[in-house]
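Note sheet for the following structure.
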Amino acid sequence: MKKGFVCTSELAAFIFTIASILLISYCSWHDLKIGPVDDENWWYWSSINKSQFIDMSIINPVQSLGGASTPFCYWLNPAYIISDCLKNVINPFYISRLINLSLESITLLLLCLVIQLKTSTTVFVIISYAMLSIGASNKPNEFNIFGHLIAINILKSISMLWIVVFFADFPGKKNIIRSIIALLLIFFSVMLNPLYTPIYFLYPVIIVGVIIFSELAYEKNNAIKIEIGVYMFFILFFAMFYYSLVSGVARNDFPNEIYSEIQTFDYLNAMPFRGKDSTFLFFLVLLSIIFNISLDININRLRLHRAMFIVLIIIGGIGWMYTYSGLKWKYPSPVYLEQSILALILIEVLLCIELVLKKLNLKPPLLFAMLPYLLVAYLLFSPQIKSQTVNIMKTVFKKSTNMSSTSLKKPSREKPISGFLRKELALDLHDCYEGSVSLMIGMPDSPISKKIGFQKGERFQKKYIGVVPLYIRHFIDDQLYLTGMWKNFVPTLGDNSHMVSSFKYHFFSRLLSNKSDYQSRNWLVPTIFDSSIFALLGVKYLISDLELENSRIKKQFNYHSKLGEIHGYEVLNTNTGNFYPTDIIYYKTVNEVYRYIRTNEVDFTKTVFIHHTDKFDKVLSVGNTKIFGYPKTGVARFEAASSGSSLAVLPLEFSNALIAKGEGNFQIVRINLIMTGVLFKGNIQITMENGFGLMNLGGRIKDRKDMKKHGIYEDGYISYPDSYQPHQIF
């Protein structure tokens, strides 16, 4: 085979492989009617960012208090683009996974061709990888993570391309050209998903740096100096970008309080470098790489083997540290690193076999050549491949609940509660903001939580997030969950975003949940009802299976579901932008505010909390002259009039990255710890949007400085259970 060209046998093998993957995947996922909750949220996040190219975090007025959503660049992700075009024909989760498998197969094919693997080995690698990706094993829950996250799968392909570009010697190409191509690939994957990319960014950057600086020792020419300059600029720029991106994000600032990646999920700890057999496998692969280096004198392969050796040491070390050190881990799980390199491990092991046979002048046995095709036949006819996602869901129900998994039925088209909420609150049906909804169904010790199998006295944990919404969707209302509300343009108090701010998490965990309730790293769920705080945050309706009595709420309806009685309460006099407090309480730290709220009955229509460094002149009350609405996704609008200086409390999360534009004399400020206040005189008409992006990094860094000013940090208020550490499993 000529280098750089695909011969007929490789092309045929590739076509055969892709066709097999599509067919196998159809057998696995064709019964999937409703995607996992996380998948639906990812899809929603991508859809609201269609117009965003560089500005990765936008105000989403539907999602919670209107804070930053998870960062996606929708139009850079081919899986989303193609799936969106076909969403009316086929399940978008299903088709996006097929696209990912195809893209990864193409990447693997290119890699195999570059290092000149034989056709049989090439097909074996691709089919084996596809088998793992679709969960084709006796324990599908251990490998389903491979095909679970759309953007992560795309990044796996890109991470492998980094190594191909740098360690395959293309004839006639200079190092500077290869470096620029690699940096562009890295930039592309960064834009796909900035929060997850650092875990892929780690080892290519280290290896590329080693190669560039080692070449400098031998070739002291201007091209190498330019290459190093470009490389260093890229590293420094994105280091600043990442610092600003994660500034003030709860998942990074509170690793000991919330569910980070330290989770007792077996499927996260059944990967190649963790688990009971991880040590043996790790050294087996290391020996394979060393053997390849000693046997193979081809310079292209030698570079690849050396790179693999470094990468494997890095990833193996991180995986072991994660599993056995007992450290409080706030970073993405090493499982993603291991996924991205698994294909290269398969290549290394099989390449070792090829080289040994070649050195011994032996031909590969017929079974070895036929193995890829036998694997395909096995997958196509194996009952294990049938409806893996549905089986996983049933397994979760069997383990987590007392209700029979066979009782799950297709949800009714009737939407009794979500239909009411859409009519009352949907932003696309009303000229102004009418309030949000808080879904508090199946909370600890509630009637529904007991009915579906949670123990009495058990506190809020991550399994509530995964299990309770599924029951609600199947037995109450198929739109009654966060993403279902957002798709109907109904604002919610609960949140699910990788960008949950430290301010908002601190506020919720100290005032709206118990000390023993553990929020997830991406979720923010109120577990305690406080009528005055709910009204301040703009909650208009509370949906719960608990009977509540409070002078500030009014029962609007009862709904008898298969799970039990559901109650709908209206929160009276809620904040829709019409709170104009005149009594200002200045504070130095957030704990002063928490103590005051816990010991006093606060009327937030009259009282506001402001940091002592932001002192104001006396403010006046204003009548109901407000209009607070959302003309389009990503923008909030506020209009008001006052004869003097007034302060309006908006049900919108504050950030220094907010950009307010409009007519009149106004200033936006942080009030009540997490909320946006508008200090103004006379008539104003303003719009607000999130100004964070690649070229505007200062706002989020100021948010981090605000945390120090307000005294927000981990203080031992919530202790992290040792049982959640991975090393406790082994």
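These numbers come from a predicted model, not from an experiment. Quick note: numbers below take in every heavy atom, side chains included, and nothing from hydrogens, waters or symmetry partners.
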Side-chain touch [X]/[Y], heavy atoms, less than 4.5 angstrom:
{"X": "P61", "Y": "L427", "value": "yes"}
{"X": "V249", "Y": "R700", "value": "yes"}
{"X": "D253", "Y": "Y713", "value": "no"}
{"X": "V649", "Y": "F604", "value": "no"}
{"X": "V669", "Y": "D614", "value": "no"}
{"X": "L537", "Y": "M675", "value": "yes"}
{"X": "R670", "Y": "K709", "value": "no"}
{"X": "V62", "Y": "K487", "value": "no"}

Item to complete: Begin from the C-alpha positions of S645 and D617 and carry the test side chain to side chain donor-acceptor pair (under 3.5 Å) through to its verdict.
Response: CA-CA 8 Å; S645 178; D617 295 332; over 6 Å; no
Worksheet item: Given the side-chain rings of H611 and Y586, with only the six-membered ring counted for Trp, is the space between their centroids under 6.0 Å?
Response: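 No - the distance between ring centres of H611 and Y586 does not fall below the 6.0 Å cut-off.
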Discussion item. Are F234 and F238 an aromatic pair, judged by ring center distance below 6.0 Å?
Written reply: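 Yes; F234 has its ring centre under 6.0 Å from that of F238.
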Please find the pair of heavy atoms, one from [X] and one from [Y], that lie closest to each other, and give the distance.
{"X": "G494", "Y": "W486", "answer": "O-CZ2, 4.3 Å"}
{"X": "A660", "Y": "F666", "answer": "CB-CE1, 3.8 Å"}
{"X": "M707", "Y": "G248", "answer": "SD-CA, 3.7 Å"}
{"X": "D703", "Y": "S655", "answer": "OD2-OG, 2.7 Å"}
{"X": "V608", "Y": "I671", "answer": "CG2-CB, 3.8 Å"}
{"X": "V437", "Y": "M485", "answer": "CG1-SD, 4.1 Å"}

With rounding to the nearest 0.5 angstrom, report the [atom1] to [atom2] distance, [X] to [Y].
{"X": "H710", "Y": "E592", "atom1": "NE2", "atom2": "CD", "value": "11.0 Å"}
{"X": "I686", "Y": "K661", "atom1": "CD1", "atom2": "NZ", "value": "13.0 Å"}
{"X": "N683", "Y": "E663", "atom1": "CG", "atom2": "CD", "value": "9.5 Å"}
{"X": "M499", "Y": "S64", "atom1": "CE", "atom2": "OG", "value": "13.5 Å"}
{"X": "S646", "Y": "I684", "atom1": "OG", "atom2": "CD1", "value": "9.0 Å"}
{"X": "L524", "Y": "D495", "atom1": "CG", "atom2": "CG", "value": "6.0 Å"}

Discussion item. Between L493 and F508, does the side chain to side chain contact (heavy atoms under 4.5 Å, CB included) criterion hold? Intermediate values first, please.
Written reply: CA-CA 10 Å; L493 180 61; F508 271 61; 3.6 Å; yes
Worksheet item: Who pairs with R510 by side-chain contact (heavy atoms from CB on, under 4.5 Å), at least two apart in sequence or on another chain?
Response: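 side-chain contact (heavy atoms from CB on, under 4.5 Å) list for R510, sorted by chain: E257, Y505, H506, Y594, R598, D715, Y717, I718.
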Item to complete: State which residues pass side-chain contact (heavy atoms from CB on, under 4.5 Å) with F233; sequence neighbours excluded, sorted by chain then number.
Response: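 side-chain contact (heavy atoms from CB on, under 4.5 Å) list for F233, sorted by chain: empty.
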Fill in: Criterion side-chain contact (heavy atoms from CB on, under 4.5 Å) against I610, the qualifying member of V593, L673, L679, L647
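Of all the options given, the one that passes is L647.
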Item to complete: May I have the step-by-step check of side chain to side chain contact (heavy atoms under 4.5 Å, CB included) for I465 and N496, ending in yes or no?
Response: CA-CA 10 Å; I465 297 171; N496 178 12; over 6 Å; no
[Y] backbone acceptor or donor facing [X] side chain under 3.5 Å:
{"X": "N672", "Y": "F609", "result": "yes"}
{"X": "T492", "Y": "L482", "result": "no"}
{"X": "N488", "Y": "G484", "result": "yes"}
{"X": "N578", "Y": "T576", "result": "yes"}
{"X": "R704", "Y": "S247", "result": "no"}
{"X": "Q519", "Y": "V525", "result": "yes"}
{"X": "T687", "Y": "A636", "result": "no"}
{"X": "S436", "Y": "G538", "result": "yes"}
{"X": "N690", "Y": "I59", "result": "no"}

Worksheet item: Of all residues at least two apart in sequence or in a different chain, which pass the ring pair (Phe, Tyr, Trp, His ring centres under 6.0 Å) check with F534?
Response: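 With neighbours one apart ignored, the set is F529.
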Item to complete: Decide yes or no on side chain to side chain contact (heavy atoms under 4.5 Å, CB included) for M240 and I701, but give the supporting numbers first.
Response: CA-CA 10 Å; M240 177 61 71; I701 295 177; 3.9 Å; yes
Discussion item. Run the side chain to side chain contact (heavy atoms under 4.5 Å, CB included) test on Y433 and N575 for me, step by step, so that the C-alpha distance in whole Å, both residues' side-chain angles and the decisive distance to 0.1 Å come before the verdict.
Written reply: CA-CA 10 Å; Y433 177 84; N575 177 21; over 6 Å; no
